[in-house]
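Written below as structure tokens is the structure these notes are about.
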2 protein chains.
Amino acid sequence: MSKHRSVTIVDIAEAAGVSIATVSNVLNRRKVPMAEETIRKVEKAAEELGYRRNVMAASLSRKKSYELGLIVPGFIGYYGLFAEVMERTAHRFGYHMSVFSAGGYDPDMEKRHLDVLLQRRVDGLFCHGLAMSTDTTRHIVSDGTPLVLFNGWNWPQDIAAGAVNLDFAGGCLEAVRHLVRQGCRSLFYLGRSRAHETNKQRLKGFRQGAAEAGDGIRSYVLEADPQPMAELVRMTREMSGDGPVGILAFDDLVALRFMSAAIEQGLRVPEEYKIFGINNDVVSHSCYPQITTLDIPYSQQARLAVDLMLRQLGEDEKAGEEHERQALREGHEIRIPLTLIPRLSTAAT
Amino acid sequence: MSKHRSVTIVDIAEAAGVSIATVSNVLNRRKVPMAEETIRKVEKAAEELGYRRNVMAASLSRKKSYELGLIVPGFIGYYGLFAEVMERTAHRFGYHMSVFSAGGYDPDMEKRHLDVLLQRRVDGLFCHGLAMSTDTTRHIVSDGTPLVLFNGWNWPQDIAAGAVNLDFAGGCLEAVRHLVRQGCRSLFYLGRSRAHETNKQRLKGFRQGAAEAGDGIRSYVLEADPQPMAELVRMTREMSGDGPVGILAFDDLVALRFMSAAIEQGLRVPEEYKIFGINNDVVSHSCYPQITTLDIPYSQQARLAVDLMLRQLGEDEKAGEEHERQALREGHEIRIPLTLIPRLSTAAT
DNA sequence: CTGAAAGCGCTTACAG
DNA sequence: CTGAAAGCGCTTACAG
């Protein structure tokens with residue numbers, strides 16, 4: 001094959017002895033009437049010449065890129081998996097997905113990535129609840145590119161077409177109830193405030209659960225990140241009263257780190273400490289004791305987000321109906337429940 | 001801002017009262033002489049109109065997309081992080097990175113993704129050692145798009161411009177020496193044959209280390225994936241003789257799973273079992289005991305891969321020299337050493 | 001059923 | 001220092 005000029009429809013037109021318009025029609029299987037013979041000739045020529053459509057040219061003339069943009073906080077853990085599922089889902093519907101990591105929750109990087117994506121003329125944008133201000137966001141996407149949020153709360157309707165959110169609040173409420181049921185007498189939430197709203201939602205559920213539990217059960221909120229885990233474990237030992245201690249961690253990794261530090265200090269899990277994570281990460285069942293956690297339905301979330309986008313793009317026929325069954329719709333927010341996976345780390349004693 | 005037609009250089013040209021050629025020159029900061037006043041006018045107009053360059057149009061006329069393609073086996077663990085670093089690195093040099101997950105090692109998906117990427121006219125391609133045949137690969141990339149491999153061994157020179165490989169063989173050799181030094185009398189490698197060549201390279205190092213250790217030390221190779229870990233632990237107990245057992249796992253996650261199953265069976269780590277992982281994954285130091293592992297220099301590997309690509313693209317001035325210091329060059333392969341991180345899981349007893 | 005032509009939004013010699 | 005013009009590789013009415 002030619003080393004430096006790729007095959008174009010002009011080459012095919014010549015080889016097949018037809019016009020480029022016809023080549024385009026055949027190759028795109030358009031619904032205009034065409035002679036069998038013509039179709040055959042064009043397809044043969046395309047095949048033989050090793051033709052590969054130039055996406056840029058097609059997008060430019062069609063005025064639609066069939067490219068979607070996705071910004072996630074990072075590729076590690078939950079968001080990496082989510083990005084992978086989103087890419088695959090978009091692909092299934094004929095869209096390319098350009099994924100960017102915003103390096104945690106860095107507003108500048110968010111802005112740069114959004115800008116790059118818009119320069120690429122993506123047809124739509126998926127973002128987590130951004131760290132940058134809503135005003136900045138509004139200004140940036142004011143050209144009309146549809147924006148769908150995932151795990152973004154309290155965003156004005158005029159910015160985003162909708163939000164597909166994991167119900168961390170509801171999940172954490174269930175988590176606390178579970179811990180109380182298993183006999184915990186003190187409760188700790190190990191949060192990560194730099195995760196912004198996804199942390200606040202967890203906190204909300206935790207607080208509600210603690211309130212439900214009543215005065216007989218103490219509850220505290222700690223920040224997981226700055227200090228060493230060993231220190232955190234010590235704090236919980238001092239603060240807790242008699243009876244088993246319940247730990248609700250920001251995610252499974254925080255849970256694992258806490259559990260390891262606790263075991264290192266000679267504490268017994270689940271007898272003295274009951275530990276609860278979030279994400280059903282592969283680590284949650286790769287350790288001992290295995291960690292009780294909330295399962296996140298990635299594929300469902302991705303499917304719902306993409307459906308929402310397809311509707312914005314006027315491709316309603318591609319968007320499914322049935323996917324919303326499990327989810328709660330509330331205004332322009334779709335809320336996805338998490339499933340409690342009980343494991344040894346919170347067994348009753 | 002207009003809801004449905006984005007602003008183009010034609011709009012700017014009108015607003016500034018100059019030609020579109022001039023607008024293009026100013027906005028691209030080309031080295032042609034231009035009047036101060038013109039530059040000011042154009043930049044002002046662009047700013048005010050909220051101009052955003054259309055990347056597709058620019059790429060099409062420039063005949064260069066400034067887009068690179070990356071295919072990884074998946075986003076989980078090592079390759080997810082690698083993808084993130086690659087994206088960032090490419091970005092730093094003015095390239096966009098389109099990342100695809102090949103869903104493990106699925107040759108069909110590899111083919112489809114390669115095709116999509118070439119339709120997008122990416123300037124270059126990064127792939128892991130592909131599962132598809134080299135002939136298929138050769139045919140697909142025969143149009144001259146440069147291909148750089150990472151963790152791909154034994155690929156013919158005519159296909160790939162080069163390969164940037166982690167030295168799993170050397171690392172595993174060191175791992176075995178370490179285990180022997182710490183007193184292990186039996187050695188097991190827990191492999192993952194579906195990881196293809198990255199598994200074989202590890203195996204090679206393990207075998208070499210075992211051979212070095214001599215007849216006094218038994219060594220075995222087991223497959224980590226099919227059977228439950230508890231079963232695997234039992235097998236090692238039966239097969240091993242007296243003295244501490246050394247386990248070299250495919251990666252940190254396999255190591256953690258094995259360790260957890262061993263502890264569950266009442267075995268003591270590191271007294272009876274010494275466990276060695278690979279990747280310096282965050283889990284390796286989030287568990288107890290923390291796991292001895294090989295650290296992978298992601299950024300270095302990404303930087304070297306991108307440098308290689310930049311050279312292929314004739315952008316030698318962007319490519320650095322100094323990054324190869326740490327790496328070994330051998331033919332068209334660059335080999336990157338891994339660093340042993342000793343932790344409690346292999347402490348001498 | 002097929003093709004000539006305009007147009008998508010840029011870049012790049014080249015002429016002035 | 002600036003602009004007219006050709007061209008990148010397609011798609012899309014529209015005329016025939």
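Letters go in sequence order (proteins before strands), and every chain restarts at 1.
Straight-line distance from the CD1 atom of A/Ile9 to the C1' atom of C/dG3: 12 Å, rounded to whole Å. Protein atom NZ of B/Lys31 is 7 Å distant from nucleotide atom P of C/dT12, rounded to whole Å. Distance CE (B/Met56) to C1' (C/dC10): 11 Å, rounded to an integer number of Å. Atom pair A/Ile12:CD1 and D/dC10:P shows a separation of 8 Å (rounding to whole Å applied). A/Leu27 has its CG atom 13 Å from the P atom of D/dT12, to the nearest Å. The CG-P distance, from B/Asn25 to D/dC1, rounds to 12 Å in whole Å. At whole-Å resolution of the value, NZ in A/Lys41 and C1' in C/dG3 are 13 Å apart. In this structure, A/Gln119 places its CD atom 10 Å from P of C/dC10, rounding to the nearest Å.
Look at B/Lys63 and you won't find any side-chain N or O under 4.0 angstrom from OP1 or OP2 of C/dT12. For D/dC8, neither phosphate oxygen OP1 nor OP2 lies less than 4.0 angstrom from any side-chain nitrogen or oxygen of A/Asn54. At the phosphate of C/dC10, neither OP1 nor OP2 sits under 4.0 Å from any side-chain N or O atom of B/Ser24. Of the side-chain N and O atoms in A/Thr22, one or more sit less than 4.0 angstrom from OP1 or OP2 of C/dG3. For A/Ser59 and D/dC10, the shortest distance from a side-chain N or O to OP1 or OP2 is not below 4.0 Å. At C/dC8, none of the side-chain N or O atoms of B/Arg5 fall inside 4.0 Å of OP1 or OP2 (strictly under the cut-off). Contact annotation: A/Tyr51 side-chain N/O to D/dC10 OP1/OP2 distance is under 4.0 Å. Here A/Ser61 does not reach the OP1 or OP2 of D/dT11: none of its side-chain N or O atoms lies under 4.0 Å away. Contact annotation: A/Asn28 reaches the phosphate of D/dT11 (side-chain N/O to OP1 or OP2, under 4.0 Å).
For B/Ile20, the side-chain atoms get nearest to C/dT11 when compared with the rest of D/dC10, D/dC1, C/dT11. When each of D/dC10, D/dC1, C/dT11 is scored by its nearest atom to the side-chain atoms of B/Arg53, the top-ranked nucleotide is C/dT11. Distance from the side chain of A/Ala21 is smallest for D/dT12 among the nucleotides D/dT11, D/dT12, D/dG3. Comparing atom distances between the A/Ala58 side chain and each of C/dG9, D/dC10, D/dC1 picks out D/dC10 as nearest. Considering only side-chain atoms of B/Arg121, the nucleotide from D/dC10, D/dT12, C/dC8 that sits closest is D/dC10.
Sequence order on DNA chain D of the closest nucleotides to B/Val18 and B/Arg62 puts B/Val18 first from the 5' end. The residue among B/Met34 and B/Ala57 whose nearest nucleotide of DNA chain D lies closer to the 5′ end is B/Met34.
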Evaluation steps, salt bridge (charged side-chain N to carboxylate O under 4.0 Å, His left out), between A/Glu43 and A/Arg29: CA-CA 11 Å; A/Glu43 282 176 345; A/Arg29 308 189 191 304; 3.3 Å; yes
Derivation and outcome, side chain to side chain contact (heavy atoms under 4.5 Å, CB included), residues B/Thr136 and B/His139: CA-CA 5 Å; B/Thr136 313; B/His139 181 248; 5.7 Å; no
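The aromatic rings of B/Phe82 and B/Phe150 sit tilted, their planes meeting at an angle between 30° and 60°. Note: A/Tyr79 and A/His128 have tilted aromatic rings, judged against thresholds of 30 and 60 degrees for the angle between ring planes.
Classification of A/Arg303 and A/Asp307 as a salt-bridged pair holds, one side-chain N sitting under 4.0 Å from a carboxylate O. A salt bridge does not link A/Arg112 to A/Asp106: none of the charged nitrogens lies less than 4.0 Å from a carboxylate oxygen.
Pairing partner, D/dT2: C/dA15, with both Watson-Crick or wobble hydrogen-bond distances short of 3.5 Å.
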